[in-house]
Number of protein chains: 2
Amino acid sequence: MPPKTEEQFAEIRNEKTKLIMETALQLFANNGFDNTSISAIAKHAAISKGLMYNYFDSKDSLLKAVIMSGMDNFMHFLQVEDENNIEREELIRFIDGNLESIKQNTDYYKLYFSLVFQPKVFSLLGNDFILIFEQLINKLVLYFSQKEEKNPYVKTRLLLAIFDGVGIHYISDPESFPLNDIRELIIEMI
Amino acid sequence: MPPKTEEQFAEIRNEKTKLIMETALQLFANNGFDNTSISAIAKHAAISKGLMYNYFDSKDSLLKAVIMSGMDNFMHFLQVEDENNIEREELIRFIDGNLESIKQNTDYYKLYFSLVFQPKVFSLLGNDFILIFEQLINKLVLYFSQKEEKNPYVKTRLLLAIFDGVGIHYISDPESFPLNDIRELIIEMI
DNA sequence: TATCTTTGACCAATCGTTCAGTCAAAAAAA
DNA sequence: TTTTTTTGACTGAACGATTGGTCAAAGATA
């Protein structure tokens, strides 16, 4: 029989994994991934350097876990239903989810924007991003088609670009960026 | 007397400086700043490592020069006049300049977005960015005030955010992103 | 020769990663 | 209760690779 139950060990591992990932996200986002050493993460998390390698195979593997976790979190905010049809109310919920996600996960957005253009990093993540993105496009195109928008696809691509632009500007300057007022302008557009 | 005239040496230095900066921009943008070694830059530029240090004091100094040069280039595209007043025609020129700048300097935008959130890098650049940004805000607020827009400041912040969002999406996917059609939508907004 | 550009071996520092070994805690045995 | 055994989380010195940066010497040209 083990000295601790499996459940106890699992909880320890869960908490430490979470601690390491949260610390890593904070440092990656604000100092850059390549500029953040494992030593620095260990120091901030008050653990040893070796322990990180007990939980993650490599620095790349840690990065992947951090980004995937952030993406999961983002998807929960969106709450997009799987039906094909989409009502205006649901689109507004989607917009609010997007803006709320930006507010609550600024570090994740910083990390995302700082790495998304590096082919090496992008390939690390597989094509989950692309699939989710295409799914979003299809839904929004359908919505704007129903609204008899002149060019539903173009409007869709603009709207998705706006989310990222608003995200970047909010992150750069959270105090003075009028996020709530801009929400109203976006809703007027749809 | 030197073996070459001052002018000859100056031209050599100008050309080499340009070569190093262009090579560095390309590698910084696509592989990341910290992930690009001086040796790699030298190899791609077909010069020695030591020569880079003949032209730039440090890697940070090279980065600063690259970013500043990109910003100068960006400002030339904008062609914003110094008068207080701003006509619709000039704003459209400004939009077109912005979009054209994105098209022609994708590497610079990649580098910019990948570093802008790092406090260490941001402080390297001084507050030129902030000043230019505030100047743009003031001009656009004035324009939208003249158009009797409901909330000129909010509209301005949204428009500037849109430029960055469009830039990111175009860079991520230049082939399928409908930049020209989106230009029309933006112009309809102003 | 005189002068500036150019080279690449070299350095100390830091990096990601490894691994032999320590430790507290709890079940099992006494 | 007390002692022994067993477990896996945890540590940190050490390693090879790589980094930004230096510099004495060579190359080139008038």
Side-chain angles (χ1 to χ4, degrees), chain A residues 1-25 27-28 31-67 111 115 118 120-121 124, chain B residues 1-25 27-28 31-67 111 115 118 120-121 124:
Chain A
M1 279 289 275
K4 293 189 181 178
T5 65
E6 271 187 37
E7 288 79 15
Q8 280 175 312
F9 278 127
E11 201 188 324
I12 289 176
R13 290 189 72 83
N14 272 338
E15 277 183 16
K16 275 287 151 66
T17 304
K18 199 178 151 194
L19 170 67
I20 293 172
M21 285 174 65
E22 282 172 354
T23 308
L25 172 60
L27 293 175
F28 287 166
N31 305 332
F33 172 70
D34 289 303
N35 205 27
T36 301
S37 66
I38 303 290
S39 302
I41 297 171
K43 197 172 180 180
H44 274 79
I47 60 167
S48 73
K49 206 155 73 147
L51 188 60
M52 199 284 282
Y53 285 92
N54 200 321
Y55 290 98
F56 298 93
D57 289 338
S58 64
K59 196 186 176 187
D60 277 0
S61 158
L62 171 59
L63 172 65
K64 186 174 176 178
V66 167
I67 293 186
L111 177 61
L115 292 179
Q118 293 187 32
K120 183 190 152 197
V121 176
L124 198 77
Chain B
M1 276 287 280
K4 295 188 179 178
T5 65
E6 270 188 39
E7 288 78 15
Q8 283 174 311
F9 278 129
E11 202 187 323
I12 289 177
R13 290 190 74 82
N14 272 336
E15 279 183 15
K16 277 284 152 66
T17 304
K18 200 178 150 192
L19 169 68
I20 293 172
M21 283 173 66
E22 282 172 355
T23 308
L25 172 59
L27 293 175
F28 287 166
N31 305 331
F33 172 71
D34 289 301
N35 207 27
T36 300
S37 66
I38 303 290
S39 303
I41 297 171
K43 198 173 182 179
H44 273 79
I47 61 166
S48 70
K49 196 159 85 154
L51 190 60
M52 199 285 284
Y53 285 93
N54 198 324
Y55 291 97
F56 298 93
D57 290 339
S58 64
K59 196 186 177 187
D60 277 359
S61 157
L62 172 59
L63 172 66
K64 185 175 177 177
V66 166
I67 293 185
L111 179 60
L115 292 179
Q118 294 185 33
K120 181 190 154 197
V121 176
L124 199 76

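Chain A is the first sequence line, chain B the second, and so forth, proteins listed ahead of strands; every chain is numbered from 1.
- Residue A/Tyr53 places no side-chain N or O under 4.0 Å from the OP1 or OP2 atom of C/dT18.
- Protein atom CG of A/Asp60 is 16 Å distant from nucleotide atom P of C/dC15, rounded to whole Å.
- For the pair A/Ile38 CD1 and C/dT14 P, the interatomic distance rounds to 16 Å; values are reported in whole Å.
- One interatomic measurement links the two molecules: CG of B/Leu19 to P of C/dT6, which rounds to 10 Å at whole-angstrom precision.
- The closest side-chain heavy-atom distance from B/Lys120 to A/Asn35 is below 4.5 Å.
- Of the listed nucleotides (D/dT11, C/dT7, D/dA9), C/dT7 has the atom at the smallest distance from the side chain of B/Ile47.
- Here D/dG21 presents its C1' atom at 13 Å from CD1 of B/Ile41, a figure rounded to the nearest Å.
- Nucleotides of DNA chain C nearest to A/Asn35 and B/Ala46 differ in position, and the one nearer the 5' end is that of B/Ala46.
- When heavy atoms are screened at a 4.0 angstrom cut-off, B/Thr36 is found touching the sugar-phosphate backbone but no base atom.
- Rounded to an integer number of Å, the gap from CG of B/Asn31 to C1' of D/dT19 is 16 Å.
- Proximity of A/Tyr55 to the phosphate of D/dA9: no side-chain N or O atom is located under 4.0 Å from OP1 or OP2.
- Nucleic acid contact class of B/Ser39 (heavy atoms, under 4.0 Å, all strands): none.
- Counting heavy atoms from C-beta on, the side chains of A/Val121 and A/Phe33 never come closer than 4.5 Å.
- Contact of B/Lys49 with D/dG21 (side chain to base): a donor-acceptor pair of N or O atoms is detected under 3.5 Å.
- The side chain of B/Asn54 approaches C/dT6 more closely than any other nucleotide in the set C/dT6, D/dT11, C/dC15.
- Residues A/Asn54 and A/Lys16 form no side-chain contact, since every pair of their non-hydrogen atoms from C-beta on lies 4.5 Å or further apart.
- The shortest distance between side-chain heavy atoms of B/Tyr55 and B/Leu62 does not fall below 4.5 Å.
- Contact check for B/Thr23 versus B/Ile47: no side-chain heavy atoms found under the 4.5 Å cut-off.
- Using a 4.0 Å cut-off, some side-chain N or O of A/Lys16 falls inside it from OP1 or OP2 of D/dC10.
- If you measure from atom NZ of B/Lys59 to atom C1' of C/dT14, you get 13 Å, rounded to the nearest angstrom.
- What separates CG of A/Asp57 from C1' of C/dT18 is a distance of 13 Å, to the nearest Å.
- If you check every strand for non-hydrogen atoms under 4.0 Å, B/Leu51 touches a base.
- In this entry the distance linking NZ of B/Lys43 with P of D/dT19 reads 11 Å, nearest Å.
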